[in-house]
Q: 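So that we are looking at the same thing, I have put the structure below in structure tokens.
Sequence lines set the chain letters: A, B, ... in the order given, protein chains first and strands last, and positions in each chain run from 1.
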Amino acid sequence: MDKLVLIDGNSIAFRAFYALPLLTNQQGTYTNAAYGFTMMLMKVLEEEKPTHVLVAFDAGRVTFRHSDYEEYKGKRDKTPSELSEQFPLIKKILDTMGIRHHELDGYEADDIIGTMACQGDQQKMKTTIVTGDKDLLQLVTEYVTVLMTKKGVSDAQRYDIAEIDQRYGLTPKQIIDLKGLMGDSSDNIPGVPGVGEKTALKLLHEYGSVEEVLAHIDKLPGKKLKERVAEHQEQAKMSKQLATILCETPLDFDLSDLEYHSFDSAKVAPLFKQLEFKTLLQRISSADEELPVSTQAKDLTIHHITEENFAKWDSLFDEDQLSLFVEMNHPNYHRAEVLALALSSEENHLYIPISVAQKWEAFKNWLADPKKEKCAYDGKGAHVALRRYGLLATGISFDVMLASYLINPSESGHELSDIVTRKLDASLPADEDVYGKGAKRRQLEGEELAVHLTRKTEAMVKLQSILEEELENTGLSSLFFQVELPVSHVLAEMEWQGVKVDKEGLQELGKELSSRLKELTSNIFDLAGTEFNINSPKQLGEILFDRLGLPVLKKTKTGYSTSADVLEKLAPQHEIVEEILHYRQVSKLISTYVEGLMKERSEDDGKIHTRFQQAIAATGRLSSTDPNLQNIPIRMEEGRRIRKVFIPSQENWLLLAADYSQIELRVLAHLSGDENLIEAFHSNMDIHTKTAMDVFDVEADDVTPEMRRHAKAVNFGIVYGISDYGLSQNLNITRKEAGEFIERYLESYPGVRKYMDDIVKKAKQDGYVTTMLDRRRYLPDINSPNFNRRSFAERTAMNTPIQGSAADIIKKAMVEMKSALDEAHLSAVMLLQVHDELIFEAPEEELEKLTEVVRRVMEDAVELTVPLRVDVDAGKTWYDAK
DNA sequence: GGCTTCACG
DNA sequence: ACGTACGTGAAGCCT
């Protein structure tokens, strides 16, 4: 069966351009539109399997429509050059793939598509039109459907006659009338002023067409509407005409010229490679080859180590450097089973089952020798996992995962296979592909496991030198070797220690909260007059807004918003709202904290061992998972009580918390050199009060709590990369008022204004920003023509040096802490990091000395133009260390 | 698996 | 006119 696909080239390229960041390849060619376009094209070819394909483009800027109506498309902005220069590229891709494309002077892509669609329809050929333009819906027939891109280009919705009827209650042809009435601002088609989609649809449901509407002007509802339609009759008719797509464009080709078979990947691959379309390249090559054979796997000789033969490999450990990978059956290395190890030098690749490793003395000596350098992938995970098998790994002098992260912390994947794809001219099967995921997960064994593993270490050997060089070239070596790698060793120790949790205390708290929740639930059901699932935002919305008739203040994509900020505003209107807010709080405490923590508590030692993720946050911060110990409640008293179950691991020990006071604003004072801000910190003032004094122009004694609260929000806003909108949302004030606050702030702190302007300018020039310790974050959207993308990148440019430098500082303090504690002969141990705070446990008698050491190390971690201040508190539980 | 909500700095 | 505060992780619902 023949099948025709017609692609609206301009529309898809536009969509792709605005949906994707402004990518370039190494030659500096912009590729985002071409990339998005090609993604879409490949998807359509795969899914539709067409026998005939045509891509139509607009030609020039003047069409026959202009001779009818001069202002046609008049308001449209000029196509940005970053996009227009990609059209030749797209055509080249099409030529290489053997796909026909056409444009015709004086006509639009729409008309070419319309003409071919009519032909397809006449020949009863299944035809799919791919576009982002609703206009083309008018071409839908029994045989012709439209595939409309939704957001971005990846997602699409198919429209047939039934779908258009369901969506608009119109036939395809009536789409033209719709546009005739409502117009289209992007094409500058006027329509009838004051008539939007809603009114237009209402009129068409009643009368059916523009002509019929005009014939019944006196019967139209509303005086205003009557006047408007009467006044713009001609304009409506003309608009309809402009919106009508031609089916008789004079074309010098016909359907049979559009035949498409399949593309030749040998021709396409080099082009994709040049354009750096890596995902696409992988897709076309993997479809090509029967087996995913990597260039390396073919001639890789694997030495299987056994208890019988390991002795002859003892001399391997004379090598200066070996790569080591520890394979586990689970990502949580605190409880995963270690399956095997792989070890690679340049020449030799060893596969070592864990049981063999445990018996091989030469290996264990090498592993424990800090002078024997090891290149690891996630050395922290490897260290912790091996330690559970009685194997001590030290001397990890390189970490492929951390290096990749520092080189580009925004990159979404730092799996070894991702890194190989990015940095080597090769590929490695992803763990997920080898093992499968979810229910399809399987265990690997024997030769298959050996191959998978040794290919990893083989790749790591190659990666190490490449990454080392790249770190050096981008000024990241010192951050890597002095901070990031050492801090991974510190984190390994912290995670290994774990935090003791009071099981009975947690159970009791759980019981208490559960009975609270029960009361709240029955109260809510009483007030609602019915039972429902309070946890379902959908059901809750129906109760609040449909049944109880509360006003809808905010909507989400899928329905009513029931978020806390909305509910807080509704609270005065109905008793139930307060109860729901409380219910949410208690329910969160039970499921995330009581039950969540209980699940993660180890029965072996009664402790929780979180994992600090060191290669996730783009700013350089850590994150914490399984469980997240960086978001234990503190703001509300009810939640704060969760902290009472975190206790020291030994009798007569205490927990101690040391947190940086206002580290981000101090960093800002330092980076900006603003004299007023620097002075404020030197005089040790309450910074939010100081800001209130400046913004509201009052004396310290006249700052009200309300003023201080507003000033505090402004300070947060400054750190986040301020916008009047964001501040207005936060403070629940108008945008104008928020804008005035910001202006007053920037007048008071001119150095901050200059810093913010300069950092954005610098980011636009360099394409990245850096932190105090030279951590880098690239901002590909900083010059984007898309306002939202660009604005977001600008705020990131302002925020990252601040948040990132604070992250640098505490990491440096953590690295120095270990030796400081040793030198002071303290047995205290560091357990947790919460962004600007470190948590320790220690014997009571060490309290005084420990406080002094911790404060000194943290405050002296770096020297700023303002002092760093650290507050320290200790207590029997984390709750009491406040 | 996406969306919504909410916990933290 | 557009429509965002910065950075995370986890849970529950629903398709």
Q: Roughly, in whole Å, what's the span from CD1 in A/Ile590 to P in B/dA7?
A: 13 Å
Q: Whole-Å distance between B/dG9 P and A/Met636 CE?
A: 14 Å
Q: At less than 3.5 Å, do the side-chain atoms of A/Arg777 and the base atoms of C/dG7 form a donor-acceptor pair?
A: no
Q: Looking only at side-chain atoms of A/Arg584, point me to the closest of C/dG9, B/dT5, C/dC2.
A: B/dT5
Q: Choosing from C/dA5, B/dC6, C/dT8, which nucleotide comes nearest the side chain of A/Arg795?
A: C/dA5
Q: Centroid separation under 6.0 Å, is that true for the rings of A/Phe741 and A/Tyr745?
A: no
Q: Are any of A/Ser563's side-chain N or O atoms less than 4.0 Å away from OP1 or OP2 of B/dT4?
A: no
Q: Would you check, one step at a time, whether the test side chain to side chain donor-acceptor pair (under 3.5 Å) holds for A/His609 with A/Glu600?
A: CA-CA 8 Å; A/His609 302 267; A/Glu600 296 292 340; over 6 Å; no
Q: Would you classify A/Ile802 as touching base, sugar-phosphate or nothing, given that sugar-phosphate means primed atoms plus P, OP1 and OP2, and contacts are heavy atoms under 4.0 Å?
A: nothing
Q: For A/Gln803 and A/Thr619, which I'm curious about, is there any donor-acceptor pair between the side chains at under 3.5 Å?
A: yes
Q: Measure the distance from CZ on A/Phe792 to P on C/dC6 and round it to the nearest whole Å.
A: 4 Å
Q: Verify, without hydrogens or angle tests, whether A/Arg855 (side chain) and A/Asp871 (backbone) share a donor-acceptor contact under 3.5 angstrom.
A: no
Q: Quick one: what's the B/S/- string for nucleotides 10-15 of chain C, heavy-atom cutoff under 4.0 Å, read 5' to 3'?
A: SSSSSS
Q: Using the side-chain heavy atoms of A/Thr619, tell me which of these nucleotides is nearest: C/dG7, B/dG9, C/dG3.
A: C/dG7
Q: Using a heavy-atom cut-off of 4.0 Å across all strands, would you classify A/Asn730 as base, sugar-phosphate, or nothing?
A: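 It contacts base atoms.
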Q: Counting heavy atoms from C-beta on, name the nucleotide in C/dC6, B/dA7, C/dT8 closest to the side chain of A/Pro633.
A: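 Looking only at heavy atoms from C-beta outward on A/Pro633, the closest nucleotide is B/dA7.
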Q: Judged by atom type as modelled, is there a donor-acceptor pair below 3.5 Å linking the side chain of A/Asp808 to the main-chain atoms of A/Leu773?
A: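 Yes, because the side chain of A/Asp808 sits within donor-acceptor range (under 3.5 Å) of the backbone of A/Leu773.
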Q: Please determine, for the side chain of A/Asn799, which listed nucleotide (B/dC8, C/dG9, C/dG7) has the closest atom?
A: C/dG7
Q: Reckon A/Arg789 has a side-chain N or O less than 4.0 Å from the OP1 or OP2 of C/dC2?
A: no
Q: Round to a whole Å and report the spacing from CZ of A/Phe646 to C1' of B/dC8.
A: 12 Å
Q: Determine whether the aromatic ring centres of residues A/Phe532 and A/Phe525 are separated by less than 6.0 angstrom.
A: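 Ring centres of A/Phe532 and A/Phe525 closer than 6.0 Å.
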Q: Can you tell me which nucleotide in B/dA7, B/dT4, C/dA5 comes closest to the side chain of A/Tyr593?
A: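 Looking only at side-chain atoms, A/Tyr593 lies closest to B/dA7.
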Q: Please classify the nucleic acid contact of A/Ala713 as base, sugar-phosphate, or nothing, using heavy-atom distances under 4.0 Å.
A: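 Base: the residue A/Ala713, judged by heavy atoms under 4.0 Å, touches a nucleobase.
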Q: Separation of A/Phe716 atom CZ from B/dG9 atom C1', in whole Å?
A: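 Going from A/Phe716 (CZ) to B/dG9 (C1'), I get 8 Å.
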Q: For the pair made of NE2 in A/His835 and P in C/dG7, what is the distance, rounded to whole Å?
A: 13 Å
Q: Could you spell out the base pairing of DNA chain C as a dot-bracket line? Use Watson-Crick and G-U wobble contacts where both distances are under 3.5 Å, [ ] for crossing pairs, | for partners on a different strand.
A: .....|||||||||.
Q: Can you name the side chain to side chain donor-acceptor pair (under 3.5 Å) partners of A/Lys882, sequence neighbours left out?
A: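 If we apply the side chain to side chain donor-acceptor pair (under 3.5 Å) test to A/Lys882, skipping adjacent residues, there are no hits.
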Q: Do we see A/Tyr725 stacking on the base of C/dT4, given a limit of 5.5 Å between centres and 30° between planes?
A: yes
Q: Mind checking if A/Leu589 touches a base, just sugar-phosphate, or nothing, with heavy atoms under 4.0 Å?
A: nothing
Q: Provide the distance between the two P atoms, one in C/dA5 and one in B/dT5, to the nearest whole Å.
A: 13 Å
Q: Under 4.0 Å, counting only non-hydrogen atoms across every strand here, what does A/Ala618 touch: a base, just sugar-phosphate, or nothing?
A: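 Since only primed, P, OP1 and OP2 atoms lie under 4.0 Å of A/Ala618, the category is sugar-phosphate.
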Q: What's the closest nucleotide to the A/Arg635 side chain, out of B/dG9, C/dT8, C/dG9?
A: B/dG9
Q: Indicate, with a heavy-atom threshold strictly under 4.0 Å, whether A/Ala807 touches base, sugar-phosphate, or nothing.
A: nothing
Q: Please work out which of the three classes, parallel, tilted or perpendicular, describes the rings of A/Phe545 and A/Tyr560, given edges at 30° and 60°.
A: tilted
Q: Provide, to the nearest angstrom, the distance between the CD atom belonging to A/Glu794 and the P atom belonging to C/dA5.
A: 16 Å
Q: Under 3.5 Å, is there any donor-acceptor pair linking the side chain of A/Gln803 to the base of C/dC6?
A: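 Present.
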Q: Would you mind telling me which residue lines up with the more 5' stretch of DNA chain C, A/Asp724 or A/Thr796, judged by nearest nucleotide?
A: A/Asp724
Q: Quick one: is B/dT4 close enough that its OP1 or OP2 comes under 4.0 Å of any side-chain N or O from A/Thr558?
A: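 Yes, within the criterion.
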Q: Atom CG of A/Leu597 to atom P of B/dC8: distance rounded to whole Å?
A: 13 Å
Q: Is a side-chain donor-acceptor pair under 3.5 Å present for A/Arg666 with A/Ser805?
A: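 A/Ser805 vs A/Arg666: no donor-acceptor pair found between side chains.
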Q: For a quick check of understanding: with a heavy-atom distance under 4.0 Å over all strands, which category does A/Ser728 fall into, base, sugar-phosphate or nothing?
A: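 Contact class for A/Ser728: none.
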Q: With sugar-phosphate meaning primed atoms plus P, OP1 and OP2, does A/Leu622 contact a base, only sugar-phosphate, or nothing at under 4.0 Å between heavy atoms?
A: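 Nothing: the residue A/Leu622, judged by heavy atoms under 4.0 Å, touches no strand.
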Q: Select base, sugar-phosphate, or nothing to describe what A/Gly721 touches, counting heavy atoms under 4.0 Å on all strands.
A: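 Nothing, no nucleic acid heavy atom in range.
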Q: Touch check for A/Thr800, heavy atoms < 4.0 angstrom, all strands: base, sugar-phosphate only, or nothing?
A: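 No contact.
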Q: Would you mind classifying the nucleic acid contact of A/Val834 as base, sugar-phosphate or nothing, using non-hydrogen atoms under 4.0 angstrom?
A: sugar-phosphate
Q: Looking at A/Tyr333, is A/Arg611 sitting on its ring face, NZ or CZ under 6.0 Å from the six-membered ring centre and within 45 degrees of the normal?
A: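 Geometry flag: set, cation within 6.0 Å and 45°.
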Q: May I ask you to check whether A/Asp880 and A/Thr877 show a side-chain donor-acceptor distance below 3.5 Å?
A: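 Yes - a donor-acceptor pair under 3.5 Å links their side chains.
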Q: State whether A/Tyr768 and A/Arg776 meet the cation-pi test: NZ (Lys) or CZ (Arg) under 6.0 Å from the six-membered ring centroid, and within 45° of the perpendicular axis.
A: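 Judged by the rule (NZ or CZ under 6.0 Å from the ring centre, within 45° of its axis), A/Arg776 counts as positioned above A/Tyr768.
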Q: If I pick the C1' atom on C/dC2 and the same atom on B/dC6, what distance separates them, to the nearest angstrom?
A: 28 Å
